[in-house]
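Following: one structure in structure tokens, then a few remarks.
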There are 2 protein chains.
Amino acid sequence: MRRATARDVAETAGVSVATVSRVINGAAGVNPETAAKVHAAVAELGYRPNGVGRSLKTASSRLIGVLIPTLSNPVFAEAVDGIAEGVANGGYSLLFSASDYRRQAESLGIETLLRYRVDGLILTVADAADSRILDLLDTAEIPYVLAYNPDGAHGRPTVTVDNRAAGALVAERLVELGHRRLGMIAGRLSDSDRARARHQGFSEAAAAAGLAEPWLAEVPFTRPELEPVLAEIFAAKDAPTALFCSNDMLAIATIGVLTGLGISVPGEVSVVGFDGIAIGTHLHPTLATVVQPSRELGRTAARQLLRRLGGESAVAPVILPHVLRHGASLGAAPKSGPVEAQASIPTDSGLEIRTTTP
Amino acid sequence: MRRATARDVAETAGVSVATVSRVINGAAGVNPETAAKVHAAVAELGYRPNGVGRSLKTASSRLIGVLIPTLSNPVFAEAVDGIAEGVANGGYSLLFSASDYRRQAESLGIETLLRYRVDGLILTVADAADSRILDLLDTAEIPYVLAYNPDGAHGRPTVTVDNRAAGALVAERLVELGHRRLGMIAGRLSDSDRARARHQGFSEAAAAAGLAEPWLAEVPFTRPELEPVLAEIFAAKDAPTALFCSNDMLAIATIGVLTGLGISVPGEVSVVGFDGIAIGTHLHPTLATVVQPSRELGRTAARQLLRRLGGESAVAPVILPHVLRHGASLGAAPKSGPVEAQASIPTDSGLEIRTTTP
DNA sequence: GGGATGATTGTAAACGTTTACAACGAGAAC
DNA sequence: GTTCTCGTTGTAAACGTTTACAATCATCCC
């Protein structure tokens, strides 16, 4: 059974398609009796306006494209839920794409979203400061809002927390607790500008407190092989007493591996995560983490984008508040004198471990 | 700057739009030289085919609609990630909608997805056996695959685990561990056919083992107020020694509340969840749960739908394997004689607590 | 040389809407 | 009675594609 069109409705109601369209869209200036006839025909035929035809004519799809790394990380899932909630109010729908942290998939995804002529985009890209995608969107003048990505120097519309300040906050807190040798486990910094910002703040605060440059281990975002990395780090005599992980998933995996290696958390090593995923408070040990309001972040990104679509020329970047949530994974530094100078260790296993001696 | 169209490309390349279309779609029988000219023009103009125009003409949007309750529950987020992966292979994109467990939002969501003329749908509805939505899709002959929903007697295309068997499995395991008084905490059974199936299996197996009908507490899916419910249950002298929760999120919340009430898990009460969300193994105590392969479930649903879209008339329901994952939240029944007969307790607080004496 | 053949390309209609413009009719104003 | 106005409706073009069909042209065969 062919789907009913406005034409069918018009014939059934004995009017023209123009009138049908007017009634459907609630345009003013149509006789109530006529409208009633049309509505009756709509109900009788089970007519549902074809959004494709409408989009083509109006050059507006009422579609928002969403591109994020993965839904497997609750931080993004929550944000998307928030976005969905936010755009629904404006009568928009969500066209979804996941990049799985791969730049190529990022481009492909955007390409697809643009084909569908989305009215705007909300995205989390690997690196907002070096993104062909964003340049593309800028030149094509397609409205977008970045979620999670720091705006950098480009003044791009962004909704995020102050990642650098948050990273610094973690270091400061660790120092307060007596930690003198710090480390960071991060997804590849080249693939995550936010991890980079967090690292920068962390590193700067460490330096400000007179500490050696923190250890840094970069791992792939997908299926990170933490065991050899951590084993190597904690084989060193100047191993860190506290680890800052660039996200909660990584922190959880790290705690698991440490425990497996017989290293107690927080007895021997404290671990702090980032994101504040809901489940963190139920973990063992409960996860200390920097909480960012993910759902709210999604909602805000949606709101900002709708504003832009509503005509406002440029929307300002939004910085949402973060807060360091304490948890049992974070404790005081174990008793043992600080090491004088930090040595660099050989990375014979080819692992991405860098350690800088200032 | 107006977006380039096939017409612009045609003019630049000095050919007709028909030829441009042929080149874009890789149709046979076009002179390589001509193709080269077109490709050059495409590159020069940054032309990107308008999917809306294409959809209108071809009557195929290459869009798959997805409707699930919420992304805040990792079980759905993972499935959607799997779906995205699955449909991408077939060149489809995902139009997303969340119902937040509300039937009205379900209808609204579907309505929207259909407006965009999605080629097919993957959905998790409240109740597949009583869904106006599904009837609608059936009469409109729109291909769809249900995810998580049991197919019931309707023979609808479904990808799920055997919820009833899984529920029975949990009860049997609890009996093996010496539990004689069972209980179930579930989202409203009327809002979740899968919770209902799990309850049925659980209840049947309990009966088969000669136990009294398990306690049953139904709570709203969103922001369940567990504290009063659990307080009331465990004030009774014949309180259960084991609780089966209809999903992991509920199980986690339950454990939290029990602990807050000073009831030890699993010392006094064992808790078993359902879904097998990844984080469960990191909880404290680690969560015993029925694992269903969510990502795989999403992928499979996508595959089934693509098959259907590829021409296969009816696709068979798929039952994926489940497995009971042990965890520290599940232990042997505490030492204390079983109660003779189970009394019904007053639900003076208006809470939805039912208890049936056979 | 003339017609047939086949490769390549163009023409134009169609998909389902929206909307500028025209048209129509009924009353109002004169 | 004529003209104007206003409310209501219809006509037709346009949005950007795809595709059936026609057209063109070179080549080949007799």
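Sequence lines set the chain letters: A, B, ... in the order given, protein chains first and strands last, and positions in each chain run from 1. Everything quoted here is computed from the prediction, not taken from an experiment. We use all heavy atoms of the structure for the numbers below, so side chains are in, but hydrogens, waters and symmetry mates are not.
- A side-chain donor-acceptor contact under 3.5 Å links B:Thr70 and A:Asp81.
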From CA spacing to verdict: side-chain contact (heavy atoms from CB on, under 4.5 Å), A:Asn50, A:Thr5:
CA-CA 8 Å; A:Asn50 186 326; A:Thr5 75; over 6 Å; no
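- When each of A:Val17 and A:Gly29 is assigned the nucleotide of DNA chain D bearing its nearest heavy atom, the one mapping closer to the 5' terminus is A:Gly29.
- Distance alone, capped at 3.5 Å, places no donor-acceptor pair between the A:Arg48 side chain and the B:Arg117 backbone.
- The side chain to side chain contact (heavy atoms under 4.5 Å, CB included) test applied to A:Ser93 returns A:Leu63, B:Leu95, B:Thr112, B:Tyr116, not counting sequence neighbours.
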B:Glu85 and A:Asp100: CA distance, side-chain angles, deciding distance, side-chain contact (heavy atoms from CB on, under 4.5 Å) verdict
CA-CA 10 Å; B:Glu85 187 187 329; A:Asp100 200 25; over 6 Å; no
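- The residue among A:Ala6 and B:Ala28 whose nearest nucleotide of DNA chain C lies closer to the 5′ end is B:Ala28.
- Across A:Arg299 and A:Gly82, no two heavy atoms sit closer than the pair CG-O, 3.5 Å.
- If you check residues 35-64 of chain B against DNA chain C, the residues with a heavy atom closer than 4.0 Å are B:Leu56, B:Lys57, listed by number.
- Below 30°, between 30° and 60°, or above 60°: for A:Tyr148 and A:Phe76 the angle between ring planes is above 60°, a perpendicular geometry.
- Nucleic acid contact class of B:Arg22 (heavy atoms, under 4.0 Å, all strands): base.
- When heavy atoms are screened at a 4.0 angstrom cut-off, A:Ser21 is found touching base atoms of the nucleic acid.
- Between A:Leu67 atom CG and A:Leu121 atom CG the span is 8.0 Å, to the nearest 0.5 Å.
- On the nucleic acid side, DNA chain D contacts chain A at distances under 4.0 Å to non-hydrogen atoms, with the end points of that region at D:dT8 to D:dG16.
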